[in-house]
Amino acid sequence: MKTKLFLLSVFIAPLTMLAQNIIDTIPSENGDVVMYDDRTWEYLEDLNFDGVLNEEIYSMFCEDSTYNFIQTWDNEVCYTSNKKNDPSKIKDTIWTCVLDSSYNTFVMPFDGKITSRYGYRRGRYHNGIDIDLVTGDTVYAAFDGKVRYAKYNPEGFGNLVIIRHYNGLETFYAHLSKHLVAPNTWVKAGEPIGLGGNTGHSYGSHLHFEVRFFDAPMNPEEIIDFKNKVVRDQNLFIYGSLFRPGASPSYLADSDLNINGETKKYHRIRSGDTLGHLARKYHTSVSTLCRLNGIRPTTTLKIGRSLRVR
């Protein structure tokens, strides 16, 4: 990967808007640089970059008529599909990597206390993890990737950085006080990308961190162990119910979990389990199980997944 660092005798800003007229191409130690008439620039290799960092995953979801997902490279919009990708179409389980030999580093975006988790909160779904910080604290890229978006987002995120990664995922870093990266720049895990803050729809300084797959949010705890500050598993299995709003991470087995003072109990689905059977086992009702998990009585229970029962 190439670090976007280039010095000339005049000030040149990284390209953050649509390309203007090309006035020159200049060689540098990191590759040829294309200069525009508004003094913006980009590397020649990025000139026709289409945003595809994983050809196999992209082909599977965007070129297969079964899914018809959309994922473009756009520095100006938060969701390149306008959230039209439907993860419920994913009927099979698809394997990809969180880390592999080429991108093998993870760094906590910020080492702080978790103040709010993924799930239902105050009448709506909270699609990420909130990490407490002080305005001005440095926020880091969690994985290697390329910055797709770095600007103020008026829809609630405030100052937002979105990084696209090599496994089809994008990570969101919201409510920043300042951006430290520009769109179209490559970053490595652990590189500073912004300063924490309280911008957008925020009630106190914190980092709102999301993980999305083709614009569909998933529980960040599915891949990150925030307590031990490590990747939970180098493998990531993609399936439809992974993106169910409020879904609990699959690592939860038959266990009690204390979250914000409330004890919640989970059951790992086994062969033969039905909602009726689980309702009787845990002295509850099918309607309660459906409400707790955002499912219907007719929902197929996937073996190995965790169901909240209390």
Side-chain angles (χ1 to χ4, degrees), residues 86-94 98 108-109 112-132 169 172 201 203-204 206-213 216-233 235-310:
D86 181 5
S88 68
K89 292 180 179 180
I90 305 175
K91 304 303 181 184
D92 298 320
T93 298
I94 296 151
V98 177
M108 284 286 290
K113 179 182 178 182
I114 302 298
T115 57
S116 184
R117 286 184 154 83
Y118 181 93
Y120 196 68
R121 187 184 72 174
R122 294 197 295 268
R124 58 182 297 182
Y125 285 109
H126 183 238
N127 290 321
I129 292 281
D130 286 351
I131 305 175
D132 190 32
L169 299 177
F172 285 46
H201 297 170
Y203 302 95
H206 70 282
L207 172 66
H208 175 81
F209 176 77
E210 292 189 9
V211 176
R212 289 180 178 259
F213 182 79
M218 58 181 286
N219 193 332
E221 292 188 90
E222 195 70 51
I223 62 174
I224 299 172
D225 181 342
F226 286 87
K227 179 179 180 180
N228 296 306
K229 304 174 181 59
V230 296
V231 165
R232 196 171 296 282
D233 192 328
N235 301 304
L236 176 63
F237 296 96
I238 303 295
Y239 44 88
S241 60
L242 185 68
F243 306 98
R244 177 175 50 77
S248 302
S250 60
Y251 71 88
L252 292 172
D254 299 347
S255 60
D256 294 331
L257 184 66
N258 188 288
I259 298 178
N260 295 332
E262 180 183 2
T263 298
K264 301 178 181 181
K265 189 174 184 63
Y266 295 85
H267 172 88
R268 187 183 290 277
I269 302 300
R270 302 178 179 89
S271 178
D273 282 345
T274 66
L275 287 175
H277 166 73
L278 295 177
R280 291 190 295 273
K281 177 177 179 178
Y282 293 102
H283 307 290
T284 186
S285 66
V286 170
S287 61
T288 298
L289 293 177
C290 291
R291 176 179 57 80
L292 290 174
N293 295 277
I295 60 176
R296 299 178 180 179
T298 55
T299 298
T300 300
L301 302 182
K302 288 185 174 291
I303 295 173
R305 297 298 300 168
S306 292
L307 194 76
R308 184 181 170 189
V309 295
R310 188 176 303 151

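Both backbone and side-chain heavy atoms feed into the values below; hydrogens, waters and symmetry mates do not. This is a predicted model, so every value here is computed, not measured.
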Centre of Phe172's six-membered ring, under 6.0 Å away, within 45 degrees of the axis: is that where NZ or CZ of Arg212 sits?
yes
What pairs with Asp225 under side chain to side chain contact (heavy atoms under 4.5 Å, CB included), at least two apart in sequence or on another chain?
Lys227, Asn228, Val230, Arg232
Between Asp130 and His208: side-chain donor-acceptor atoms closer than 3.5 Å
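Result is yes, a qualifying pair exists.
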Is any side-chain heavy atom of [X] less than 4.5 Å from a side-chain heavy atom of [Y]?
X      : Y      : answer
Met218 : Leu236 : yes
Asn127 : Tyr118 : yes
Asp273 : His267 : yes

For Ser88, all residues meeting side chain to side chain donor-acceptor pair (under 3.5 Å), sequence neighbours excluded
Asp86
Who are the ring pair (Phe, Tyr, Trp, His ring centres under 6.0 Å) partners of Phe209, not counting sequence neighbours?
Tyr173
From [atom1] ([X]) to [atom2] ([Y]), nearest 0.5 Å:
X      : Y      : atom1 : atom2 : answer
Leu207 : Met108 : CG    : CE    : 9.5 Å
Thr299 : Arg244 : OG1   : CZ    : 8.5 Å
Leu307 : Cys290 : CG    : SG    : 8.5 Å
Leu242 : Ile90  : CG    : CD1   : 8.0 Å
Asn219 : Ile224 : CG    : CD1   : 10.0 Å
Ile131 : Lys113 : CD1   : NZ    : 13.0 Å

Which pair of non-hydrogen atoms, one from [X] and one from [Y], has the smallest distance, and what is that distance?
X      : Y      : answer
Leu289 : Leu275 : CD1-O, 3.6 Å
Pro297 : Val286 : CB-CG1, 4.4 Å
Ser285 : Ala279 : C-CB, 3.8 Å

The single option from Leu169, Val211, Ile223, Asn235 that satisfies side-chain contact (heavy atoms from CB on, under 4.5 Å) with Val98 is Ile223
